[in-house]
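A short worksheet on the structure shown next.
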Amino acid sequence: MPEADDVDDEEEMPLSLRLSIADTLTLGNATCGFMAVYFTTTGILIPHLTGDQETGMARHSAATAVILMLCAAVFDLFDGLVARKLRSSPMGAELDNLSDLISFGLAPAYFVLVYGMVADDAHQRVAALGAIVVLLAVVLRLARFSCVTVKDGTFQGMPSPFGALTVVSIVLLELPFVATLLAILGTAWLMVSRVEYPKPRGRLAGAMLSWIVLSMGLLAAWAFDAPSGQLLLQTGCALQLVMGAVIPLFATARRVNNFRDNRREARAAQLP
């Protein structure tokens, strides 16, 4: 009967749309990503266009935008942990992908775009192309993550939060434009590659959280022009790039060692 079906649908819809604790954290992730775009626009781009500040990126707004991306990474870390411990709603996976697209796709890509507009030696159209590549890399990565099943405990390609933080670290290093662009494109390639990255669980999750907190402190020291703040920030950004390059090497070495061990076991089993 149509009337009975309508009543059943009305009773079921609120249950399917009810947000869990993990979903609330995921929405916090999206909010931080949006606010990062807001501070990049109001504190960096608009003052540059109106001539209210000298050329270059405003420290306070740049630091605030990146800190918000770091906060988004914290929300992304904890929503997965909470979802595994408690539960997530039927919308959990979709909410997570959409939030990641805002915080780790749109926000860093926009950061690169604004960098191309305000930096002295940057080329705006080329920087816009690099920003598009970053955005599309995150889109493809998130889409593949939803469709491809990989072995437990690993990601295929650089995780989008780690990739976003690497991209903004490259920009904050203030390298020559060509080197900055090449490093950004390399990071985008790592996000869509088949290189394995470990999932942040257990001690690795704790180490990642500690690194995020340390990065926030470095950004705050840089923003408020603390003694050696610039040097501390550049050191932290350089370490972020080194980790992005070294982790795949460790993963590749582990795969090679596992392959060799399997071959040795196979040969030993064939011996009489």
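- Inter-residue side-chain proximity for Leu68 and Phe34 is flagged as unmet; no heavy-atom pair is nearer than 4.5 Å.
- Summarising the geometry of Met191 relative to Ala137, their closest heavy-atom pair is CE-CB, 4.2 Å, with the distance given to 0.1 Å.
- Remark: the Gln234 side chain and the Trp222 side chain contain no N/O donor-acceptor pair separated by less than 3.5 Å.
- Within the 4.5 Å cutoff, the side chain of Met117 has heavy atoms near those of the Leu45 side chain.
- Under the 4.5 Å side-chain criterion, counting only non-hydrogen atoms from C-beta, Leu70 is not in contact with Val213.
- Residues Glu174 and Gln230 are in side-chain contact: their nearest non-hydrogen atoms beyond the backbone lie under 4.5 Å apart.
- When every heavy atom of Ala65 is checked against every heavy atom of Ala36, the shortest pair comes out as O-CB, 3.5 Å.
- A 4.5 Å side-chain heavy-atom check between Ile170 and Cys237 finds every atom pair outside the cut-off.
- By the neighbour-count criterion of 12 heavy atoms within 6.0 Å, atom OH of Tyr38 is sparsely surrounded, having that number or fewer from other residues, nucleotides or ligands.
- Nearest heavy atom pair, residue Leu173 against residue Ala238, reads CD2-N, 4.2 Å.
- One hydrophobic cluster holds both Leu185 and Val112 under the rule that ILVMFWY side chains link at heavy-atom gaps under 4.5 Å.
- What you find for Gly33 and Ile102 is that their closest heavy atoms are C-CG2, 4.0 Å.
- A donor-acceptor pair under 3.5 Å is formed between the side chain of Ser99 and the backbone N or O of Thr26.
- Of all non-hydrogen atoms in Val138 and Ser160, the two that sit nearest each other are CG1-CB, 4.2 Å.
- Under the 3.5 Å distance criterion, the side-chain polar atoms of Arg59 are left unmatched by any main-chain donor or acceptor of Leu219.
- A distance-only check finds a donor-acceptor pair linking the side chain of Thr180 to the backbone of Leu175 [under 3.5 Å].
- At most 12 non-hydrogen atoms from other residues, nucleotides or ligands lie less than 6.0 angstrom from CD1 of Ile21.
- A distance-only check finds a donor-acceptor pair linking the side chain of Arg141 to the backbone of Gln156 [under 3.5 Å].
- The shortest non-hydrogen separation linking Leu181 to Gly130 is CD1-CA, 4.1 Å.
- Under the 4.5 Å side-chain criterion, counting only non-hydrogen atoms from C-beta, Thr41 is in contact with Tyr110.
- Outside the 6.0 Å centre-distance limit, the rings of Phe39 and His60 are not counted as a close aromatic pair.
- Each of Leu106, Leu135, Asp96 was checked for a side chain to side chain contact (heavy atoms under 4.5 Å, CB included) with Leu101, and the lone residue meeting it is Leu135.
- In the hydrophobic cluster analysis, where Ile, Leu, Val, Met, Phe, Trp and Tyr join through side-chain heavy atoms closer than 4.5 angstrom, Phe104 is grouped apart from Phe75.
- Ring orientation note: the planes of Phe162 and Tyr197 are tilted relative to one another, at an angle of 30° to 60°.
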| said: Using side-chain contact (heavy atoms from CB on, under 4.5 Å), reason through Ser61 and Thr42 one step at a time and then give a plain yes or no. | reply: CA-CA 8 Å; Ser61 297; Thr42 59; 5.8 Å; no
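- Of the possible donor and acceptor atoms, none in the side chain of Asp79 sits under 3.5 Å from a partner among the backbone N and O of Ala22.
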